[in-house]
Protein chains: 2
Amino acid sequence: MTASGTQERILDAAECLFAEHGFGDVSVRQVVHTAGVNVASIHYHFGSKEALVEAVMSRRLKPLNDERLRLLDEYESRDEGEVALEDVLYALIAPAVKLSRSRKGGKSFVRLVGRLFAEPSNTVLERLKDRFEVVFIRFHRAFKRTLPAIRKRDYFWRIHFILGAMSLTLCDRERPAAWSEGSCDPDDLDEVIQQLVAFCAAGLRSPVPRKKRKR
Amino acid sequence: MTASGTQERILDAAECLFAEHGFGDVSVRQVVHTAGVNVASIHYHFGSKEALVEAVMSRRLKPLNDERLRLLDEYESRDEGEVALEDVLYALIAPAVKLSRSRKGGKSFVRLVGRLFAEPSNTVLERLKDRFEVVFIRFHRAFKRTLPAIRKRDYFWRIHFILGAMSLTLCDRERPAAWSEGSCDPDDLDEVIQQLVAFCAAGLRSPVPRKKRKR
DNA sequence: GACTAATTGAAACATCTGTTTAAATTGGAA
DNA sequence: TTCCAATTTAAACAGATGTTTCAATTAGTC
């Protein structure tokens, strides 16, 4: 039996459309049309539109997070636990940014991940939470080791800011190039990664903000 | 003639619902229902759903950006042009964060702004672009003055990361508190502002990333 | 080739979508 | 009170939505 290309063609089309227009603004009919399959296929293969959304995310999420953990493992075994902050950030950031240049819908998927984080009340994110949790716990340990003196509250605020910077960068390729009149090149992925890593490392290392100043 | 509360009740309901579920996932019928008005009211008062979305944003965007510019003016006149980087960031960030605790839907609106920036292909953002542009140009000048040596490309990448950190922080109040098991208090706005300003200042000041390392 | 299960197809399901109509109601000005 | 415009109402519009049905087709196994 060909577990025929139908499923993948639906996933590819959905991934692309969702990334471009958001989850709620894409109908199953648009998906089946650009996939070139029948309307019923979605419910036959996935059960519902919501399940399709989840399937779209799941397909690439595992490889992405596996690569992150693989890099982290590599650095930790190489440096015997004394991994540089920049390397931890690199392991977190680079796989996502690099996925965005992969041939197949990687570009779309990566924008979807950004979208996922920016849409708080998203049921999809809830369902994928477990998949992220494992990764973040591993990275938390790695970060804590490179920043032993940091206060818990400072650490988590800054991780949140890092996720925000990552999300928008994955979501929106074009804005930096547009604002800078071409000085920023969204296709130079090594540059994007370098910039993100340097920015986040500086933010994580910054001294504790002094007591609230009244304004 | 009562330019009756109807318009404002629609705006309030729409603001709240859009913030919670996104633009595309909220129907005009949900809006009129929670606003307690008739279906036709939206088209009578605003013309279309899209015009309503724009009206929701416009209502609070001008006061927000006015306050940003007012703060920047205040600091520039006080310090005779030698404004500290932290103060420029404060003028950009604090009004948005503070709006998020105002009684009326400010909280919702501020999440909407975050959403706006995270949804790239958004026609609404296109229409509101002018309103943002004036503000950003003013802030660009102020930033450049505090960072005279920065490369154009570094500057715009970092501004992009700052917008990302801001967006997610405005969008999602709860995540830092949840991840940190309560160490981060999303209601302590002075703390949020301090954290964001310190993080972004460190990121902006960080040394130029060294030449690409091959991995 | 015949049987069976997996897959696809066209059509219809009820419900929801944004929008419009036209009649009813309101409230201030004359 | 009369009048007129501004506003609100209920009903309907055409089309899109996610989903289901069931017959037609496909493909692998005996």
Side-chain angles (χ1 to χ4, degrees), chain A residues 1-59 112 115-116 119 121-127, chain B residues 1-59 112 115-116 119 121-127:
Chain A
M1 234 130 285
T2 51
S4 69
T6 305
Q7 291 199 38
E8 293 219 356
R9 295 176 60 194
I10 293 176
L11 287 173
D12 289 341
E15 181 173 68
C16 180
L17 287 170
F18 287 152
E20 201 62 36
H21 306 105
F23 298 109
D25 291 323
V26 174
S27 67
V28 301
R29 283 169 159 89
Q30 291 175 260
V31 174
V32 298
H33 178 256
T34 73
V37 301
N38 191 268
V39 220
S41 307
I42 282 186
H43 300 88
Y44 177 78
H45 286 286
F46 299 97
S48 70
K49 184 192 180 183
E50 202 181 352
L52 170 64
V53 174
E54 193 185 339
V56 167
M57 300 310 295
S58 296
R59 177 171 60 151
L112 271 185
R115 210 180 262 279
L116 215 57
E119 296 187 5
S121 70
N122 200 313
T123 63
V124 183
L125 185 55
E126 282 307 305
R127 214 186 310 271
Chain B
M1 235 125 288
T2 52
S4 70
T6 305
Q7 292 199 38
E8 293 218 355
R9 295 176 59 193
I10 293 177
L11 286 174
D12 289 341
E15 181 174 68
C16 181
L17 287 170
F18 287 152
E20 202 61 36
H21 306 104
F23 298 107
D25 291 323
V26 175
S27 67
V28 302
R29 280 165 160 94
Q30 290 175 262
V31 174
V32 298
H33 178 255
T34 74
V37 301
N38 191 270
V39 222
S41 306
I42 282 186
H43 299 88
Y44 178 77
H45 286 286
F46 300 97
S48 72
K49 183 192 181 183
E50 201 182 352
L52 169 65
V53 174
E54 193 184 339
V56 167
M57 301 309 295
S58 295
R59 176 170 61 152
L112 270 185
R115 210 180 262 281
L116 214 57
E119 297 187 4
S121 70
N122 199 313
T123 62
V124 183
L125 184 56
E126 282 305 308
R127 215 186 309 271

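Hydrogens, waters and symmetry mates play no part in the numbers below; they use all other heavy atoms, side chains included. Below, read A as the first sequence line, B as the second, and so on, with proteins coming before strands; counting in each chain starts at 1.
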Can you check whether [X] reaches [Y] side chain to side chain, under 4.5 Å on heavy atoms?
X: B:E15; Y: B:R59; result: yes
X: B:T34; Y: B:C16; result: no
X: A:V31; Y: A:I10; result: yes
X: A:L52; Y: A:M57; result: no
X: A:F46; Y: A:L11; result: yes

_Base, sugar-phosphate or nothing for A:V31? Non-hydrogen atoms, less than 4.0 Å._
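Result for A:V31 = nothing.
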Practice prompt. Check every strand shown and say whether B:S27 touches a base, only sugar-phosphate, or nothing at a heavy-atom separation below 4.0 Å.
Written response: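 Since only primed, P, OP1 and OP2 atoms lie under 4.0 Å of B:S27, the category is sugar-phosphate.
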Interatomic distance where [atom1] belongs to [X] and [atom2] belongs to [N] [whole Å]:
X: A:Y44; N: C:dG9; atom1: OH; atom2: C1'; result: 13 Å
X: A:H21; N: D:dA16; atom1: NE2; atom2: P; result: 16 Å
X: B:Q30; N: D:dT17; atom1: CD; atom2: C1'; result: 14 Å
X: B:L52; N: C:dT17; atom1: CG; atom2: C1'; result: 15 Å
X: B:H33; N: C:dT17; atom1: NE2; atom2: C1'; result: 17 Å
X: A:N38; N: C:dT8; atom1: CG; atom2: P; result: 9 Å
X: A:R29; N: C:dC13; atom1: CZ; atom2: C1'; result: 10 Å
X: B:R9; N: D:dT7; atom1: CZ; atom2: P; result: 15 Å

Sidechain-backbone polar pair: A:Q30 side chain, A:S27 backbone, donor-acceptor under 3.5 Å:
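Yes, the answer is positive, given that a donor and an acceptor are paired below the 3.5 Å cut-off.
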Report task. State whether the side chain of B:S41 and the backbone N or O of B:V37 hold a donor-acceptor pair below 3.5 Å, judged by distance alone. Result ->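 Side chain of B:S41 to backbone of B:V37, a donor-acceptor pair under 3.5 Å: no, none is there.
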Within the structure, does a side-chain N or O atom of [X] lie under 4.0 Å from either OP1 or OP2 of [N]?
X: B:H45; N: D:dA6; value: no
X: B:H43; N: C:dT20; value: no
X: A:T6; N: C:dT8; value: yes
X: B:S41; N: D:dT7; value: no

Practice problem: Take the C1' atoms of the five end pairs on each side of the helix from C:dG1-D:dC30 to C:dT17-D:dA14, derive the two axes, and give their angle rounded to 10 degrees. | Solution: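 Angle reported: 30°, given to the nearest ten degrees.
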Using the closest heavy atom to pick a nucleotide of DNA chain D for each, name whichever of A:I42 or B:V39 lands nearer the 5' end.
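Between the two, 5'-proximity favours B:V39.
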